[in-house]
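Here is the structure we will look at, set down as structure tokens.
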Amino acid sequence: MSTSHKLFSEAEQYIPGGVNSPVRAWRAVGGSPLFIQRGRGCRVIDADGKEYIDYLGSWGPLIVGHAHPQVVKALEEALKRGTSFGAPTAKEIELAKLIVKSVPSVEKVRLASSGTEATMTALRLARASTKRAKILKFAGCYHGHSDALLVRAGSGALTFSQPDSQGVPEAFASQTLVAEYNSLESVEAYLRAEQVAAVIVEPVPGNMGVVLPEAGFLAGLRELTRAYGVVLIFDEVMTGFRLARGGAQEIYAIDPDLTCLAKVIGGGLPLAAVGGKRAIMELLAPLGPVYQAGTLSGNPLAVTAGIETLKILDSPDAYARLNELGTLMAEGLRRAIRDTGLVACVNHIGSMFTVFFGVDQVRDYATATRSDTTMFARYFQGMIERGMYLPPSQFESAFLSLAHSEAEVEETVAAAREVFRSLCS
Ligand code: PMP
């Protein structure tokens, strides 16, 4: 029995499902999860000492790799000064300034500790500023686990929202409308019929696997929300500082009212932010009537890791490099799919990518959920055997970092080619 297996059995006795976040349990791919003892650069080492090239990157934050020396050094120094004060520190201004300077639509920003908090606060702000209750999200987009956002499309969603989780009262779930990603018609139908406070969207969804916005979709969302007086919230928890310094809004030149950030801005420590137009942000307490708070918000360690990560990313070629590696990976995987005759497709943007099995195109939740998850599970296990650590679900993005190089990408594509071949036989 492997050490990871033993640890998981022990964990199951004390922690529900043995994990502190459900996808970590590998339920979608079978087997028991690897326990990780350390990470360095683009690699992680499990409890048995086996090394893997890591494409999980802690689900996105580790864009400069594990234990980057500059981040570690700054953290060591911060640690000695004290871990938390519950009072303002100068470093918070430094991070806030970096965010305001980098993310085009953000004029003011409030720091929190998780993406869930950031999106929850964004909704509260939107509701307060519009004096409306309903919010509109898209099927397959994930925005954390607050009550209002644990709702997705099912067949009944157009008429009657179903909570995705038990414990969410129907009265809450009914305030959330679910439209189809890449369909402006489905959005406009709701905006015409309902009093909607906010449209919240992952501008480039990563939570149904990577899905790309079609030409005009994001611009159309901006136009429609303006026309109907609705707050447009970009959830850039995954894409912020990942696709570009200014996130997806920089790439697609869209000016949302509010933006949610997390992951990269915390460099692997718990940190998130909600930012946006001054008039909306100034509704927040203590200036305004919208309450939001956090004992550890703007925590000095998290802020330090974030600042150092954003500094490393502030080199002229950081994003060009990430794009280069992402393109090499996507093209290599596509070539391997073609050569082996497997039915699969690769969605890719910058340093994010997903291989979908059994389908030749994925553009929304309906097409994503047509993919063959059994085939994905076999791919995942085949890659683990070959020392490649991917997200353990078909409906997630894999992430590259600045610590990856061409050599690792080529090794990974070669391993994928072997696995694809075995899936065809
Ligand atoms: N929004 C998006 C787009 C996310 O990908 C996630 C987490 N994967 C969240 C919100 C929630 O963030 P957290 O897990 O930090 O609460």
Side-chain angles (χ1 to χ4, degrees), residues 19-25 28 55-63 103 110-124 126 135-152 164-165 176 178 181 198-213 218 221 232-243 247-249 256 258-276 292 294 296-299 302-303 305-306 309 347 349-354 365 368 390-399:
V19 290
N20 286 312
S21 198
V23 275
R24 295 183 197 167
Y55 293 101
L56 188 67
S58 185
W59 301 91
L62 296 179
I63 197 164
V103 185
R110 168 68 57 88
L111 303 182
S113 299
S114 72
T116 295
E117 283 175 83
T119 55
M120 185 181 73
T121 302
L123 294 188
R124 191 173 298 145
I135 60 136
L136 187 147
K137 73 178 286 289
F138 293 90
C141 283
Y142 177 69
H143 305 289
H145 61 98
S146 69
D147 284 345
L149 289 163
L150 272 187
V151 181
R152 67 179 169 127
D164 228 9
S165 163
T176 303
V178 184
Y181 190 78
V199 168
I200 184 165
V201 66
E202 291 182 72
V204 178
N207 285 294
M208 46 183 149
V210 174
V211 170
L212 300 185
L218 295 173
L221 270 189
L232 179 62
I233 304 169
F234 266 21
D235 179 352
E236 299 230 39
V237 163
M238 200 180 274
T239 53
F241 289 91
R242 167 148 303 266
L243 297 184
Q249 61 194 265
L258 292 176
T259 298
C260 302
L261 298 164
K263 300 197 191 264
V264 171
I265 62 162
L269 271 80
L271 183 70
V274 54
Q292 183 275 347
L296 294 176
S297 290
N299 171 267
V303 164
T309 299
N347 280 3
I349 180 167
S351 52
M352 296 168 60
F353 65 96
T354 303
Y365 181 71
L390 293 164
S393 161
Q394 171 69 94
F395 306 113
E396 298 290 351
S397 172
F399 298 103

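Ligands are counted one by one from 1 in listed order, and the atoms in each one are counted from 1 as well.
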Just to verify, what does Phe395 make a ring pair (Phe, Tyr, Trp, His ring centres under 6.0 Å) with, not counting sequence neighbours? none
Counting only N and O atoms by type, is there a donor-acceptor contact under 3.5 Å from the side chain of Thr119 to the main-chain atoms of His143? yes
For Leu261 against Ala118, the heavy-atom pair lying closest together: O-CB, 4.2 Å
Who passes side chain to side chain contact (heavy atoms under 4.5 Å, CB included) against Arg110, sequence neighbours left out? Val274, Met281, Leu284, Pro286, Gln292
Is there a donor-acceptor pair under 3.5 Å between the side chain of Thr354 and the backbone N or O of Val210? yes
Near ligand 1, which protein residues have a heavy atom under 4.0 Å away? Ser114, Gly115, Thr116, Tyr142, His143, Gly144, Glu202, Asn207, Asp235, Val237, Met238, Lys263
With Ala248, which residues qualify under side chain to side chain contact (heavy atoms under 4.5 Å, CB included), at least two apart? Pro203, Val204, Glu236, Thr239, Leu243, Tyr252
